[in-house]
Amino acid sequence: MKSYKIAVIPGDGTGPEVVNEGLKVLDAVSKKAGFKYEKVMYDMGGERYKRAGEVLPDSVLEELRKVDAIFLGAVGHPDVKPGILEKGLLLKLRFSLEQYINLRPIKLYPGVWTPLKDKKPEDIDFDVVRENNEGLYVGEGEFKNKGTQDEIALQVSRNTRKGVERCVRYAFEYTKKRDKRKKLTLCGKTNVLTYAWDLWERTFQEVAKDYPDIKTDYAHVDATCMRMIKNPEWFDVIVTDNMFGDIITDLGAMIQGGMGIAAGGNINPKGVSMFEPIGGSAPKYTGKNVINPLAAICAGMMMLDFLGEKKAASIIEKSVMTVTPKMKSMSAGKMGYSTSEVGDFVVKHL
Ligand code: IPM
Ligand code: MN
């Protein structure tokens, strides 16, 4: 029987509650699909930072390099200055473990309310491949004349040929494997950001030659936002840089029913990947048993798919699709069920 070592970082706020439900589902599905897994729990997050002043000790990072995957709840604590945990934990893990893809499925499940009138599950079903290690997220830049009237702040977007190419190649491979409409859209801003998007566009066109069966398309990021609302059915897979990917996947989360259902994977195809619900730590709902655990459950599903447990992943997805029509809403406190009841429901329908 296959066995995996999974590092679990419940993190802050509602992270631990949703991670619990995710693990409940993983436990149950492992028995049905015939695999084993060992959990290694880590307490990184706001509380540990407040207590010990450390965010991600090097020794922990070294341990994380040796696991099969990481399951993360949420980071962000009301008493910790914004940026410390986000940069020191989430981004540090993404960068150090070279998780250069952030894969975010935008899929409307049955019975889930979408703000897009007249759009149905068959219209909202695409994936965003977000570059996850470069762009504006590298933290390069400087102030000039700080604090004066002549102040200038520079924030660099770094795009390397290698970094762009591995991302674009992953997106083509992914579109091929997904095997739906076989269409890959590059989302950029070639009309204004003429260095970065020139490199992206050239790379995209060159890599496309290796994938004659994949249709290619280009949309500026602003037009992408427009289309995601007006014609989401146009999309199959979108590939884009780190910053645009961050923005359009929040928009994507809203049209698929909200943060309560949106999951993502930070992927290093040859290394250690990390799966997370993409919503934050939701301090105001913490400890109330009202947060939606489906995003975490779906992150667990993505993790199993990545590990090669395709059957287990599809069992989870079918169960989620049985549960969503029974829920009143995907929003915290309005589901008609508690966090743990939703988890139990998914387990029951596996
Ligand atoms: C996300 C988040 C992070 C990001 C933050 C918390 C640093 O918004 O995962 O999309 O900007 O990537
Ligand atoms: Mn984001």
Side-chain angles (χ1 to χ4, degrees), residues 9-15 18-19 22 44-46 49 55-56 69-107 126-141 155-159 163 167 187 221 224-225 228 238-268 272-286 291-292 294-296 298-300 302-303 306:
I9 310 175
D12 301 315
T14 49
V18 298
V19 157
M44 277 95 67
Y49 176 70
V55 181
L56 175 62
I70 304 170
F71 188 44
L72 174 75
V75 293
H77 194 290
D79 304 340
V80 179
K81 198 175 151 226
I84 294 183
L85 300 167
E86 291 85 344
K87 282 189 170 178
L89 187 55
L90 186 62
L91 298 184
K92 175 113 188 254
L93 284 171
R94 288 177 182 171
F95 280 67
S96 311
L97 299 175
E98 264 192 83
Q99 295 163 343
Y100 61 85
I101 298 297
N102 196 327
L103 181 64
R104 297 188 162 179
I106 314 291
K107 187 166 178 177
F126 58 95
D127 287 276
V128 177
V129 174
R130 163 185 174 188
E131 200 291 321
N132 212 30
N133 279 175
E134 299 195 332
L136 281 165
Y137 277 68
V138 293
E140 260 183 57
Q155 190 88 45
V156 174
S157 173
R158 168 179 287 273
N159 299 265
C167 173
C187 161
V221 62
T224 301
C225 292
M228 278 173 68
I238 299 177
V239 62
T240 190
D241 79 353
N242 210 342
M243 188 77 257
F244 293 167
D246 178 47
I247 299 166
I248 68 169
T249 55
D250 264 28
L251 182 60
M254 290 304 116
I255 67 172
Q256 74 180 126
M259 286 300 182
I261 184 95
N266 300 277
I267 295 176
N268 175 339
V272 181
S273 298
M274 174 168 75
F275 298 84
E276 52 170 344
I278 80 173
S281 54
K284 76 172 179 189
Y285 297 118
T286 302
I291 195 85
N292 190 345
L294 287 179
C298 290
M302 291 181 75
M303 179 169 78
F306 175 80

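Everything numeric in this text was worked out from a predicted model, so none of it was measured. Counting starts at 1 for both ligands and their atoms, following the listed order.
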Relative to atom 5 (C) of ligand 1, which among L90, V75, N266, L89 owns the nearest non-hydrogen atom? L90
When you measure from atom 10 (O) of ligand 1 to every protein heavy atom, which one gives the shortest distance, and what is it? D246 OD1, 2.9 Å
Of R130, R94, E134, which meets side chain to side chain donor-acceptor pair (under 3.5 Å) against N242? R130
So is there a nitrogen or oxygen of E276 less than 3.5 Å from a nitrogen or oxygen in ligand 1? no
Does E131 use its side chain to pair, donor to acceptor, with the backbone of N133 at less than 3.5 Å? yes
If the contact criterion is a heavy-atom separation under 4.0 Å, does R104 count as touching ligand 1? yes
Are more than 12 heavy atoms, taken from residues, nucleotides or ligands other than K92, located less than 6.0 Å from that residue's NZ atom? yes
Judged by atom type as modelled, is there a donor-acceptor pair below 3.5 Å linking the side chain of N102 to the main-chain atoms of N132? no
With carbon and hydrogen excluded and only N/O/S kept, which atom of D246 is nearest the Mn ion (ligand 2)? OD1
Spacing of CG belonging to L85 relative to CG belonging to L91, to within rounding of 0.5 Å: 11.0 Å
By number and element, which atoms of ligand 1 are closer than 4.0 Å to a non-hydrogen atom of E86? 6 (C), 7 (C)
I need the atoms of ligand 1 closer than 4.0 Å to a non-hydrogen atom of R94, numbered in the order shown. 1 (C), 4 (C), 9 (O), 12 (O)
Numbering the atoms of ligand 1 from 1, which are under 4.0 Å from a heavy atom of Y137? 4 (C), 11 (O), 12 (O)
About how many Å separate CG of L136 and CZ of F244, when rounded to the nearest 0.5 Å? 8.0 Å
